[in-house]
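First listed ligand is number 1; within each ligand, the first listed atom is number 1. This chain uses plain numbering: 1 for the first residue, then up along the sequence.
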Amino acid sequence: MEKIETLTNHLPIIELQNDNYPLTPPIYQSVKFTYKSHAQLSAMRRGEFAGYSYSRVSNPTVRQLELLLARLQQREDAICTASGVGAITNCLMSILKKDDHVIMFIESYLPTRYLVQKILGKFGVSSTLVSITDHEAIASSILPGQTKALIFESPTNPQLKVADIEYLVRISQQHGLTTICDNTFAGFHNHGAYPIDIFIHSLTKYAGGHGDVMGGVIIGNSAQIKPLRRDCFEMGAVMDPHAAFLILRGMKTYKLRYDKQCHNAMKIATWLQDQPQVSRVYYPGLPSHPQHELAQKQMHDFGSMIMFDLAAKSPRHLDPFFDNLKLFREAASLGSTESLIVPAKDYYATDLSLRSLEISLINDFSIRLSIGIEDADDLIADLATGLKSYAMPL
Ligand SMILES: Cc1ncc(COP(=O)(O)O)c(C=O)c1O
């Protein structure tokens with residue numbers, strides 16, 4: 001018999017019968033997959049039958065998550081990545097080349113602006129930054145033959161503006177641009193009916209849902225995803241199978257959590273509107289939101305993100321407000337079970353000019369909330385304590 005060191009490295013093979021499926025997905029925490037014969041492995045490598053060989057290329061647990069997310073977003077295929085930003089990076093690196101031009105938005109997620117301007121800029125990709133609601137500027141920034149992609153979010157992070165998707169898709173199709181929608185805020189159940197070419201999500205948010213795992217995904221029909229897949233696994237920032245397992249587990253309660261978070265957000269946004277220490281509330285579900293009707297038309301619900309402006313005169317007025325909150329914890333990220341709070345400018349707009357900040361509606365007193373699944377009245381009581389402690393400037 002082999003010695004212990006040998007046996008512990010060559011495990012007994014457990015074969016499941018073809019009709020015996022684990023109900024909870026197993027984690028295929030293996031980098032390598034082997035075959036009964038060299039001939040079989042060679043056939044698999046030639047693509048003559050489906051199989052796995054190396055987890056950077058593909059892994060069954062990750063694949064299970066990819067197929068689920070593609071289906072939820074009403075598309076054929078998906079590629080999971082190590083983080084949401086990883087998905088944006090892989091997607092743009094794969095579809096763009098030197099001298100291409102991209103349209104993105106003053107209201108885009110800050111790392112997206114950084115990636116396009118600072119990193120892709122080094123490789124000869126140029127970009128134009130306009131406001132998501134300025135259709136004239138969008139149309140006039142298209143450079144015929146050079147503009148290849150338009151990347152947008154809706155609702156936007158952090159100011160919750162709503163993109164007119166029908167318009168963006170129409171103008172992109174007229175000029176042959178690839179439309180890329182970072183759909184992290186709206187979720188997999190929204191926007192799938194629009195003919196957007198590629199969806200991106202940070203799975204670190206609503207999908208994982210518990211703040212304990214990072215991931216991203218690129219979703220589209222096979223025509224879009226097939227050419228991206230090879231580039232993605234050669235760039236290497238792929239998802240680990242254990243992360244895929246945690247996200248698959250999170251996805252079981254995705255809709256329950258999202259619904260409860262939307263319900264809480266609506267109640268809190270409505271309450272905030274009536275507080276004297278609050279000068280403005282941005283939530284697409286409020287009739288006072290300038291694009292409420294558009295949001296109603298495009299989305300099944302309005303998400304769990306709120307921005308509001310404190311009626312303050314100095315940034316030091318923010319300290320007592322933040323320090324007196326017990327439930328809302330100051331931390332980046334969103335979409336988890338617990339509620340979070342951040343000053344919007346410090347986290348999401350440090351790169352914007354004064355003019356862009358103005359267009360973006362972000363000032364020193366803009367506060368972004370991510371609403372969790374706690375009891376809405378408890379969350380309101382917490383915010384009320386914070387607001388009470390904050391001395392209104394004269
Ligand atoms: C809209 C949006 N896209 C992408 C990301 C990036 O996600 P990750 O942190 O998983 O890279 C975030 C993170 O906050 C986000 O808000």
Can you tell me if [X] contacts ligand 1 (heavy atom of the residue under 4.0 Å from the ligand)?
{"X": "Leu334", "answer": "yes"}
{"X": "Ala87", "answer": "no"}
{"X": "His201", "answer": "no"}

Considering only the protein, which heavy-atom contact is closest to [atom], and what is its distance?
{"atom": "atom 12 (C) of ligand 1", "answer": "Tyr109 CZ, 3.3 Å"}
{"atom": "atom 7 (O) of ligand 1", "answer": "Ser202 OG, 3.0 Å"}
{"atom": "atom 10 (O) of ligand 1", "answer": "Thr204 OG1, 2.5 Å"}
{"atom": "atom 14 (O) of ligand 1", "answer": "Lys205 NZ, 3.0 Å"}
{"atom": "atom 16 (O) of ligand 1", "answer": "Asn157 ND2, 3.0 Å"}

- request: Establish, from distance only, whether the side-chain atoms of Thr156 and Gln159 form a donor-acceptor pair under 3.5 Å.
  value: yes

- prompt: Going by atom types only, do Asp197 and Thr179 share a side-chain donor-acceptor pair under 3.5 Å?
  reply: yes

query: Quick one: does ligand 1 sit under 4.0 Å from the side chain of Val85, the backbone, both or neither, non-hydrogen atoms only?
result: both

Plane angle bin for Tyr206 and Tyr254 - parallel if under 30°, tilted between 30 and 60°, otherwise perpendicular: perpendicular

- line: On a heavy-atom basis, the closest approach of Gln117 and Ser127 is CG-OG, 3.9 Å

message: Please list, in number order, the atoms of ligand 1 under 4.0 Å from a heavy atom of Gly215.
response: 10 (O)

query: Any donor and acceptor pair, going by atom type alone, linking the side chain of Tyr167 with main-chain N or O of His135 inside 3.5 Å?
result: yes

message: What I want to find out is whether Lys297 reaches Glu293 closely enough, with some N-O distance under 4.0 Å, to be called a salt bridge.
response: no

Geometry only, no angles: is [X] polar-contacting ligand 1 at N/O separations under 3.5 Å?
{"X": "Gly84", "result": "yes"}
{"X": "Ser333", "result": "no"}
{"X": "Asp182", "result": "yes"}

Would a hydrophobic clustering, with Ile, Leu, Val, Met, Phe, Trp and Tyr connected at side-chain separations under 4.5 Å, put [X] with [Y]?
{"X": "Ile200", "Y": "Val125", "answer": "yes"}
{"X": "Tyr347", "Y": "Phe322", "answer": "no"}
{"X": "Leu294", "Y": "Leu168", "answer": "no"}

